[in-house]
Amino acid sequence: MMTTIEKIRKCGIVPVIALDKAEDAVPLAKALVAGGITVAEVTFRTSAAEESIARIAKEVPEMLVGAGTVLTIEQAEKAVAAGAQFIVSPGSDVDVIRKAKELGVVMLPGVVTPTEIIIGLKEGLEIFKFFPAGNYGGLKTIKALAGPFGQITFIPTGGIGTANMTEYLEFNKIEAVGGSWMCPKELVNAGAWEEITRLSKEATDIFKKVRPNA
Ligand SMILES: O=C(O)C(=O)C[C@H](O)[C@H](O)COP(=O)(O)O
């Protein structure tokens, strides 16, 4: 069986999902899967997050579902109880990192500075979300961080899309790229599932071109 990280690596793309209605969770997950995306980060930015994670975990078993924007240990507990298999946070909080470990799920805390990376390393982590990637220097900054921190890898998120995902994926210290471009809120709220599948397929086609052996 593949581990959570192996699944993320194989998919190469982590869609960041914000759902206003839990009823949209399963159709959205199926639209992503139809376009080849088998990972989803459902953000705790909306109150529908918990129920959305539960529905995807139950009804779309081929999807690896995780929770995003997890800022507190309570959210981490709720996410994992609902079925989240990984936890993403925009930043690094030691309590949340430890809670994820205790709950036995992968934790991907957000970092942009060496100090934040050192905090994560101390907690035994090796994979970090680099967020918001575009605003903090993108690939150039990731390459600079990879110098002193040769043992770690990144999932950059923020400001990534079809136009620049290739340059990120060409760097071997990048596990996958994250973003919301294939499932923007307007399309989700409009129930534009076919368009989301089309955008997902476009992204997975680019990923496969850069990493044909993933
Ligand atoms: O909610 C979180 O925890 C986040 O980290 C934010 C998202 O990852 C970014 O908003 C995605 O960035 P875009 O693809 O530029 O929309």
Side-chain angles (χ1 to χ4, degrees), residues 8 11-20 24-25 28 31-32 35 37 39-50 52-53 56 64-80 82 84-93 95-97 99-100 105-113 116-117 119-120 125 127-139 141-142 153-169 174-190 192 195-196 198-200 202-204 206-207:
I8 291 174
C11 177
I13 299 158
V14 181
V16 178
I17 296 170
L19 283 159
D20 288 326
D24 287 336
L28 172 58
L32 292 165
I37 296 183
V39 175
E41 173 188 333
V42 180
T43 65
F44 266 74
R45 286 195 221 178
T46 67
S47 56
E50 210 180 331
S52 298
I53 290 168
I56 296 171
L64 175 76
V65 63
T69 328
V70 173
L71 309 179
T72 66
I73 55 173
E74 290 78 19
Q75 286 173 333
E77 279 166 347
K78 283 183 183 171
V80 174
Q85 296 180 63
F86 63 95
I87 288 176
V88 188
S89 180
S92 295
D93 179 81
D95 293 336
V96 173
I97 293 172
K99 178 53 75 176
V105 294
V106 166
M107 176 77 216
L108 302 165
V111 299
V112 283
T113 67
E116 290 155 341
I117 293 171
I119 291 171
L125 300 178
I127 306 174
F128 297 86
K129 172 169 177 157
F130 180 69
F131 173 78
N135 308 64
Y136 279 88
L139 183 61
T141 302
I142 293 176
T153 52
F154 301 90
I155 301 179
T157 306
I160 300 177
T162 49
N164 61 357
M165 60 183 282
T166 300
E167 63 178 77
Y168 281 100
L169 290 165
I174 288 174
E175 300 281 4
V177 291
S180 63
W181 78 91
M182 74 302 284
C183 53
K185 225 168 180 178
E186 311 82 69
L187 291 184
V188 175
N189 288 340
E195 178 62 4
I196 289 172
R198 189 190 70 75
L199 292 168
S200 302
E202 182 182 46
T204 49
I206 294 171
F207 172 70

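For ligands, and for the atoms within them, numbers begin at 1 and follow the listed sequence.
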Under 3.5 Å, which donor-acceptor pairs link side chains of residues 155-166 to any protein atom two or more places apart or in another chain?
| from | atom 1 | to | atom 2 | distance (Å) |
| --- | --- | --- | --- | --- |
| N164 | OD1 | G161 | N | 2.8 |
| N164 | ND2 | G159 | O | 3.1 |

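- Pairing each heavy atom of I117 with each of F128, the nearest pair is O-CZ, 3.8 Å.
- Protein residues having a heavy atom under 4.0 Å from any atom of ligand 1 are V16, T43, R45, T69, P90, K129, F131, T157, G158, G159, G179, S180, listed by chain and number.
- Using a 4.5 Å cut-off on side-chain heavy atoms (C-beta onward), L71 and F44 make no contact.
- Side-chain atoms of T141 come within 3.5 Å of backbone atoms of Y136 as a donor-acceptor pair (strictly under, hydrogens ignored).
- K78 is linked by a side chain to side chain donor-acceptor pair (under 3.5 Å) to nothing, counting only residues two or more places apart in sequence or in another chain.
- Partners of E50 according to the side chain to side chain donor-acceptor pair (under 3.5 Å) rule, which considers only residues two or more places apart in sequence or in another chain, do not exist here.
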